[in-house]
Amino acid sequence: MSLVRRVVGAAAVLALAASGAALVARPASASRTAACFAPHLRLVRAGTEGALSHRYVKFRITNTGRHACRLYGYPTFRYRDTSGRAVGVRSEPAGVRARVVTLAPGRHTRVTLGYVVPAVTLHRQCQATRVASVDVRLAFRPHVYSQPLRARVCTTKLYRPVAYPAGF
């Protein structure tokens with residue numbers, strides 16, 4: 001590789017790192033980085049976007065530890081009602097390829113929950129209900145984060161929530 005390409009590549013990596021975003025690591029280098037664990041992660045809601053008949057709820061994951069760590073895969077989302085009971089079915093992975101995300105200390109990435117707006121569906125196929133929160137379990141991690149989510153959602157398997165992988 002030429003010197004110019006190495007310098008340009010290094011500059012791009014430094015610019016990305018300075019922006020606060022997570023770096024997507026190659027699998028070989030990621031294998032030397034420890035997995036992220038709940039005591040060193042903070043998960044907070046980071047906004048909602050809409051597109052036609054869908055909503056996308058973003059959750060920011062920040063590495064609060066002192067060492068870099070890695071995440072991989074799809075989270076699992078599960079709606080809860082005001083009484084804390086599980087509502088509907090668990091999420092399914094989106095059709096997007098998952099990749100390893102390496103988080104330096106203080107850096108963040110995100111996971112995203114996608115769902116269909118009940119108003120655009122047939123009532124019997126959707127079975128809409130109001131939810132108060134959503135449980136988020138990161139892939140290959142036992143810890144569950146509970147986050148407020150006041151929304152009207154579908155609760156059937158046909159319109160189940162969709163999980164986008166870490167870093168998407």
Side-chain angles (χ1 to χ4, degrees), residues 1 3-51 54-80 84-115 131-151 153 160-168:
M1 181 185 307
L3 178 61
V4 173
R5 283 187 182 172
R6 279 188 268 178
V7 170
V8 170
V13 168
L14 289 174
L16 181 61
S19 73
L23 296 176
V24 177
R26 291 186 175 127
S29 65
S31 65
R32 291 185 288 260
T33 304
C36 296
F37 292 102
H40 299 126
L41 294 176
R42 183 179 67 224
L43 187 136
V44 296
R45 189 164 169 191
T48 302
E49 294 179 0
H54 291 76
R55 296 293 177 267
Y56 300 94
V57 183
K58 296 179 278 184
F59 297 92
R60 177 179 287 160
I61 305 164
T62 304
N63 179 358
T64 61
R66 291 197 258 165
H67 303 287
C69 66
R70 64 184 163 85
L71 291 172
Y72 176 79
Y74 298 87
T76 302
F77 295 101
R78 185 72 189 254
Y79 299 129
R80 300 273 173 189
R85 290 186 304 257
V87 177
V89 295
R90 286 184 177 87
S91 61
E92 67 181 348
V96 178
R97 187 174 155 227
R99 56 188 184 218
V100 176
V101 175
T102 300
L103 291 175
R107 302 297 186 204
H108 60 268
T109 190
R110 73 173 184 216
V111 293
T112 303
L113 161 67
Y115 66 92
V131 294
S133 64
V134 63
D135 287 346
V136 183
R137 188 175 76 72
L138 300 176
F140 312 110
R141 308 292 183 276
H143 186 77
V144 176
Y145 302 86
S146 182
Q147 293 290 307
L149 177 68
R150 305 215 188 302
V153 300
R160 71 186 329 159
V162 176
Y164 290 86
F168 180 77

Is the closest side-chain heavy-atom distance between [X] and [Y] below 4.5 Å?
X: F77; Y: V162; result: no
X: V44; Y: F59; result: no
X: V57; Y: R45; result: yes
X: I61; Y: R110; result: no

Could you tell me which non-hydrogen atom of [X] sits nearest to which non-hydrogen atom of [Y], and how far apart they are?
X: Y72; Y: A139; answer: O-CB, 3.2 Å
X: L41; Y: C69; answer: CD2-SG, 4.4 Å
X: A68; Y: T102; answer: CB-CG2, 4.3 Å
X: G50; Y: R55; answer: CA-NH1, 3.9 Å
X: V136; Y: P75; answer: CG1-CB, 4.4 Å

TODO: Could you label the plane-to-plane angle of the Y115 and Y79 rings as parallel, tilted or perpendicular, counting under 30° as parallel and over 60° as perpendicular?
DONE: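 Geometry flag for Y79 against Y115: perpendicular rings.
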Can you tell me how the ring of Y145 sits relative to the ring of H143, calling it parallel under 30°, perpendicular over 60° and tilted otherwise? perpendicular
Quick check against the 3.5 Å criterion: does [X] have a side-chain atom that pairs as donor or acceptor with the backbone of [Y]?
X: R60; Y: A46; value: no
X: R78; Y: D135; value: no
X: R141; Y: C36; value: yes
X: S133; Y: P148; value: no

Report task. Go through L113 and L149 one step at a time and tell me if the side chain to side chain contact (heavy atoms under 4.5 Å, CB included) criterion holds. Result -> CA-CA 11 Å; L113 161 67; L149 177 68; 4.0 Å; yes
For V89, all residues meeting side-chain contact (heavy atoms from CB on, under 4.5 Å), sequence neighbours excluded: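 Scan of V89 (side-chain contact (heavy atoms from CB on, under 4.5 Å), adjacent residues dropped) gives R160.
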ask   = Between L71 and L103, is a side chain to side chain contact (heavy atoms under 4.5 Å, CB included) present by the stated rule, with each step listed?
value = CA-CA 8 Å; L71 291 172; L103 291 175; 4.0 Å; yes
Could you tell me whether F168 atom CZ has more than 12 heavy atoms of other residues or ligands within 6.0 Å of it?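 Not more than 12 within 6.0 Å, no.
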Exercise. Say you draw a straight line from CZ of R137 to CZ of R90; how long is it, rounded to the nearest 0.5 Å?
Worked result: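 One finds 8.5 Å between CZ of R137 and CZ of R90.
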Item to complete: Take Q147 and L43 through the test side chain to side chain contact (heavy atoms under 4.5 Å, CB included) and record every step on the way to the result.
Response: CA-CA 9 Å; Q147 293 290 307; L43 187 136; 3.6 Å; yes
#### Entry: K58 and T112: CA distance, side-chain angles, deciding distance, side chain to side chain contact (heavy atoms under 4.5 Å, CB included) verdict
CA-CA 4 Å; K58 296 179 278 184; T112 303; 3.9 Å; yes
